Amino acid sequence: MAEGIFVAFEGGEGSGKSTQARRVADAHDALLTRQPGGTEIGASIRELLLSTDTEGLSVRAEALLMAADRAQHVDELIRPTLRSGRHVVCDRYLASSLAYQGAGRDLGEDAVGALSAFAVDGLMPDLILLLDVPVDVGLSRIDSAPDRLESLGAGFHERVRRSFLRQASADPDRWVVIDATQTLDEVTAAVDASLSERLGWAT
Ligand code: TMP
């Protein structure tokens, strides 16, 4: 049986990627999952990582917990699902660690990339859709109490955005950048056009 296709959505805060990930997974009967937090173990790691009650977590420990969540997620859920022939749509993956911990936290994209490479054991998305919005637009869309990472300053989120754009331009065969300042209908149309062009997925 053919393996399923692995699609990841990436983007900064308030990019609308979770809405698109849900819609695409529904339309193509794919498993919808997310990082951090896509497994039961990952849900505990997510709580620790994002809760504003977490104080004093070192940035290296933060990077290791993101990688631990990812390793569990790949081994327990993503790889077995792809092997069963089902597609997987993941809301964030390895590129988020390069952007947030590598660039945002300034740990270095190479160091964090090596950590994540160990975590995923070679499994990379077939297609990564980057929903790109200027930082001020994205942050202004957050309508609940900001979590531990959302509440970091605009400078942090600018480094995150630049990292995503840099990663996308370095690997254009795997990435598509979508202007997420457009209306919901326009973003939806751009996402569907990319899935059709890159993967042959009809809408
Ligand atoms: P989200 O589910 O709303 O996208 O929140 C996840 C948060 O975790 C978001 O602020 C990005 C952050 N994050 C990292 O810092 N590194 C990572 O590797 C991942 C997957 C997420």
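It should be emphasised that the depicted structure is a prediction, and the values quoted were computed from it without experimental measurement. As a basis for the values below, the full set of heavy atoms in this structure was taken, side chains included, without hydrogen atoms, waters or symmetry mates. Order of appearance sets the numbers: ligands from 1, and atoms from 1 within every ligand.
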Under a 3.5 Å cutoff, is there a donor and acceptor pairing between the side chains of S163 and E109? yes
Any side-chain donor-acceptor pair under 3.5 Å between R148 and T54? no
Would you say R141's side chain and E13's backbone share a donor-acceptor pair under 3.5 angstrom? no
Tell me every residue that passes salt bridge (charged side-chain N to carboxylate O under 4.0 Å, His left out) with R46, counting only those two or more places apart in sequence or in another chain. none
Y100 vs F164 aromatic rings, parallel, tilted or perpendicular, using cut-offs 30° and 60°? perpendicular
Can you tell me if CZ on R166 sees more than 12 non-hydrogen neighbours from other groups inside 6.0 Å? yes
Residues with a heavy atom under 4.0 Å from ligand 1, by chain and number, are E13, K17, Q35, P36, R46, L50, M66, R70, R92, S96, S97, Y100, Q101, L149
